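Not measured: the values here are computed from a predicted model. Start at 1 and go down the list; that is how both ligands and their atoms are numbered.
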Amino acid sequence: MRVFIAGIDGYLGWPLAQYLAARGHEVAGADKFLRRGWVEEVGGQSALPIYSMDERLQAFHEHFGMPVLFREGDLLDYAFLRQFLADFQPDAIVHLAEMPSAAYSMIDQSHAAFTQQNNVIGSMNVLWAMREVCPTAHLVKLGTMGEYGTPNIDIPEGFFEVEFRGRKDYLPFPRQAGSFYHWSKVHDSNNIMFACNLWGLRATDIMQGVVFGTQINEMGDDPRLCSRLDFDQCFGTVINRFCCQAVIDHPLTVFGSGGQTRGFLPLRDSMQCLAITIENTPEQGEYRVFNQFEECYSIAGLAEQVQQVSAELGLHVQVNHLDNPREEREEHYYRPDRNHLIELGYIPTSDLKAELRTMLRDLMPQRERIQARSAVLIPDIRWNGQRERSNIIDPALIT
Ligand SMILES: NC(=O)c1ccc[n+]([C@@H]2O[C@H](COP(=O)([O-])OP(=O)(O)OC[C@H]3O[C@@H](n4cnc5c(N)ncnc54)[C@H](O)[C@@H]3O)[C@@H](O)[C@H]2O)c1
């Protein structure tokens, strides 16, 4: 298949290009290198060194025996996007090109407005360009499990049957997002559903859990094929951040009680799920929602597992609870479904500790890079709009 990846330079985009090429798909992609700039802006750097796009493309060609058709450009530049899709005529478009950080979107008015502008208008442009130049392509759009929030009932995949005043309907499940970033994803979901109904486009909206991991098998050991891995308060997702902390002997930073529970999946599972989604095209006009995660864990439980695996490798790391900079429930019910992908053949990796071992081993040689930016490990972006560094709290005082 011909697959277009919007956001091909990102944490998921670069490995996805490789995963798909290894399965015989033809890949094209666009990126504006915004993620590289955002991480610098917040004082971070990728723990794993990453290469320029020219070097990446050269390595890709050598390893997979085919080129990636790459163009640098912004999804907000409609003419650029439309022309690229018209030229490439994709069977599938994987749209990853959004600003992906909750904390970054909560810094201040301009970061919140930027996030929603970039994400909502970028996705809107993809929909209009599809309608105009490739209306039969399948849009695979990355949303997040965070769109649902933490309701006190089970979470279905996008829709549920509801009975109200004696009548029944099958309706979108309520979204209760927890940041301006997460709300941008909800707005995207609504626009995509509408475009499918209105114009007969086809789309899969992926409610993805938090991704972790340093590698997929397809990368081999060529560092140019490696993906980024961030550890700062904005772009370092929790397991990635914990592993970076562990290798420099920095206490693991759990926000609040750590009872917050979320769906997680290793990078290799994310690739597997996206390939399965691409290869199982929905009907024209269909809008479907997949929940995509391997397993649910609490943050405190994850810290404990990282601590245990670190100890096996001779790293004796402490766990600190920090006052929570976010507005979120710390103890709550959480039971989302994830049946659609399993029905299509997704086989979860199901070995968190093995993945953590790989990550810690990959990160140990990068200690100096992490240490050099360790100031970004303690959060100071607060959901109440103030900037204040979190302090350590006594877990015994947490209710
Ligand atoms: N990584 C996760 O844990 C996770 C979890 C759930 C959902 N997601 C979603 O998956 C997608 C990819 O995530 P990621 O971790 O790879 O993020 P990323 O920031 O590494 O990748 C996104 C890429 O898109 C590019 N981009 C952003 N806006 C653009 C624009 N307007 N024009 C051109 N390029 C643009 C960035 O430069 C970056 O390279 C995002 O939409 C994110 O919200 C990620």
Side-chain angles (χ1 to χ4, degrees), residues 4-17 19 29-42 44 46 48 50 52-53 56 70-78 80-81 84 93-105 114-126 129 139-148 177 179-189 192 205-214 216 227-232 234-241 262-267 269-271 273-274 277 290-294:
F4 179 87
I5 303 176
I8 196 170
D9 188 50
Y11 175 53
L12 302 183
W14 185 231
L16 182 63
Y19 193 86
D31 206 295
K32 183 71 180 146
F33 304 122
L34 298 174
R35 169 69 176 252
R36 295 180 186 234
W38 298 325
V39 172
E40 253 180 61
E41 178 195 338
V42 300
S46 172
L48 302 173
I50 52 167
S52 69
M53 190 42 106
R56 284 183 154 186
F70 174 76
R71 292 184 195 166
E72 178 179 349
D74 194 332
L75 262 62
L76 269 53
D77 177 349
Y78 185 63
F80 162 80
L81 175 67
F84 200 168
I93 298 169
V94 187
H95 177 17
L96 307 164
E98 298 206 333
M99 199 301 294
S101 161
Y104 189 86
S105 77
F114 169 79
T115 302
Q116 296 224 345
Q117 165 89 357
N118 187 64
N119 295 2
V120 179
I121 305 304
S123 288
M124 172 90 81
N125 286 349
V126 171
L139 173 63
V140 178
K141 164 67 175 45
L142 267 288
T144 152
M145 285 298 294
E147 293 186 34
Y148 298 120
S179 72
F180 286 118
Y181 154 68
H182 288 103
W183 278 111
S184 76
K185 296 288 195 185
V186 178
H187 304 327
D188 286 345
S189 289
I192 297 165
D205 202 356
I206 309 261
M207 302 298 116
Q208 182 170 243
V210 186
V211 182
F212 61 95
T214 44
I216 59 169
S227 196
R228 59 179 314 119
L229 188 126
D230 294 296
F231 52 90
D232 61 83
C234 289
F235 298 97
T237 50
V238 62
I239 303 183
N240 290 354
R241 196 173 69 238
R262 302 286 186 267
F264 290 85
L265 73 170
L267 185 59
D269 285 35
S270 174
M271 302 297 104
C273 289
L274 291 175
T277 305
F290 289 178
N291 293 349
Q292 176 169 307
F293 60 92
E294 184 234 323

Interfacing atoms of ligand 1 (cut-off 4.0 Å, heavy-atom, P100):
17 (O), 19 (O), 42 (C), 43 (O)
At under 4.0 Å between heavy atoms, is it the side chain or the backbone of Y181 that contacts ligand 1, or both, or neither?
side chain
Name the closest protein heavy atom to atom 3 (O) of ligand 1, giving the residue it belongs to and the distance to 0.1 Å.
V211 N, 2.8 Å
For ligand 1 and T144, I'd like to know whether there is a polar contact (N/O to N/O, distance under 3.5 Å).
no
Among all protein non-hydrogen atoms, which one is nearest to atom 29 (C) of ligand 1, and what is the separation to 0.1 Å?
L34 CD1, 3.5 Å
W38 near ligand 1, heavy-atom distance under 4.0 Å?
yes
Is there a heavy atom in A6 that sits closer than 4.0 Å to ligand 1?
no
Judged by non-hydrogen atoms, does S101 sit under 4.0 Å from ligand 1?
no
Intermediate values then yes/no, side-chain contact (heavy atoms from CB on, under 4.5 Å), D9 and F70:
CA-CA 10 Å; D9 188 50; F70 174 76; 5.7 Å; no
Given side chains that start at C-beta, do those of L274 and L142 come closer than 4.5 Å, heavy atoms only?
yes
In the protein, what heavy atom is nearest to atom 28 (N) of ligand 1, and what distance, to one decimal place, separates them?
N118 ND2, 3.1 Å
Closer than 4.0 Å to some heavy atom of V210 - which atoms of ligand 1 meet that?
3 (O)
Nearest non-hydrogen atom to atom 13 (O) of ligand 1 belongs to which of L12, D9, L16, D77?
L12
Looking at CD1 of I192 and NE2 of H187, how far apart are the two atoms once the value is rounded to the nearest 0.5 Å?
13.0 Å
Closest heavy-atom pair and its distance - I50, S227:
CG2-C, 3.8 Å
Side chain or backbone of D31 under 4.0 Å from ligand 1, or both, or neither, by non-hydrogen atoms?
both
Below the 3.5 angstrom mark, is there an N/O of A30, backbone or side chain, next to an N/O of ligand 1?
no
Less than 4.5 Å apart, any side-chain heavy atom of V126 and any of L81?
yes
Testing the basics here: between A102 and S179, what is the closest heavy-atom pair and its distance to 0.1 Å?
CB-OG, 3.5 Å
Per-atom contacts of ligand 1 with F33, taking only distances under 4.0 Å to non-hydrogen atoms
37 (O)
Identity and distance of the protein heavy atom lying nearest atom 22 (C) of ligand 1
L96 O, 3.4 Å
If you have a sec, work out which protein heavy atom is nearest atom 21 (O) of ligand 1 and how many Å separate them, to one decimal?
G10 CA, 3.4 Å
With only distance considered, is Y11 within less than 3.5 Å of ligand 1 through an N or O on each side?
yes
for atom 35 (C) of ligand 1, nearest protein heavy atom and its distance come out as A97 CB, 3.6 Å
Do Y104 and F235 make the cut of ring centroids closer than 6.0 angstrom?
yes
Rounded distance [0.5 Å steps], CG in L229 versus CG in N240:
4.0 Å
Any idea which atoms of ligand 1 are less than 4.0 Å away from a heavy-atom of G73?
32 (N), 33 (C)
What's the spacing between H182 NE2 and S105 OG if we round to 0.5 Å?
8.0 Å
Write out the residue and atom name of the closest protein heavy atom to atom 4 (C) of ligand 1, then the distance separating them to 0.1 Å.
Q208 NE2, 3.6 Å
Please report the interatomic distance OG1(T277) to NZ(K141), rounded to the nearest 0.5 Å.
13.5 Å
Any side-chain to backbone donor/acceptor pair from N125 onto L75? Under 3.5 Å, distance only.
yes
Numbered atoms of ligand 1 (with element) below 4.0 Å of G209, judged on heavy atoms
5 (C), 6 (C)
Pair K32 + D77, salt bridge at N-O below 4.0 Å
no
Rounded to the nearest 0.5 Å, how far apart are SG of C234 and CH2 of W38?
11.0 Å
Return a yes/no value for G143: is any of its N or O atoms, backbone included, closer than 3.5 angstrom to an N or O of ligand 1?
no
Treating K185 as the side-chain partner and N119 as the backbone partner, does any N or O pair qualify as donor plus acceptor under 3.5 Å?
no
Enclosure of F180 CZ (heavy-atom neighbours >12, cutoff 6.0 Å):
no
Would you say K32 and ligand 1 have an N/O pair spaced under 3.5 Å apart?
yes
Which of the atoms of ligand 1 are close to L142, meaning less than 4.0 Å from one of its heavy atoms?
9 (C), 10 (O), 11 (C), 41 (O)
May I ask you to list the atoms of ligand 1 that are less than 4.0 angstrom from any heavy atom of K185?
40 (C), 41 (O), 42 (C), 43 (O)
Taking atom 18 (P) of ligand 1 as the reference point, the nearest protein heavy atom with its distance:
R35 NH1, 3.1 Å
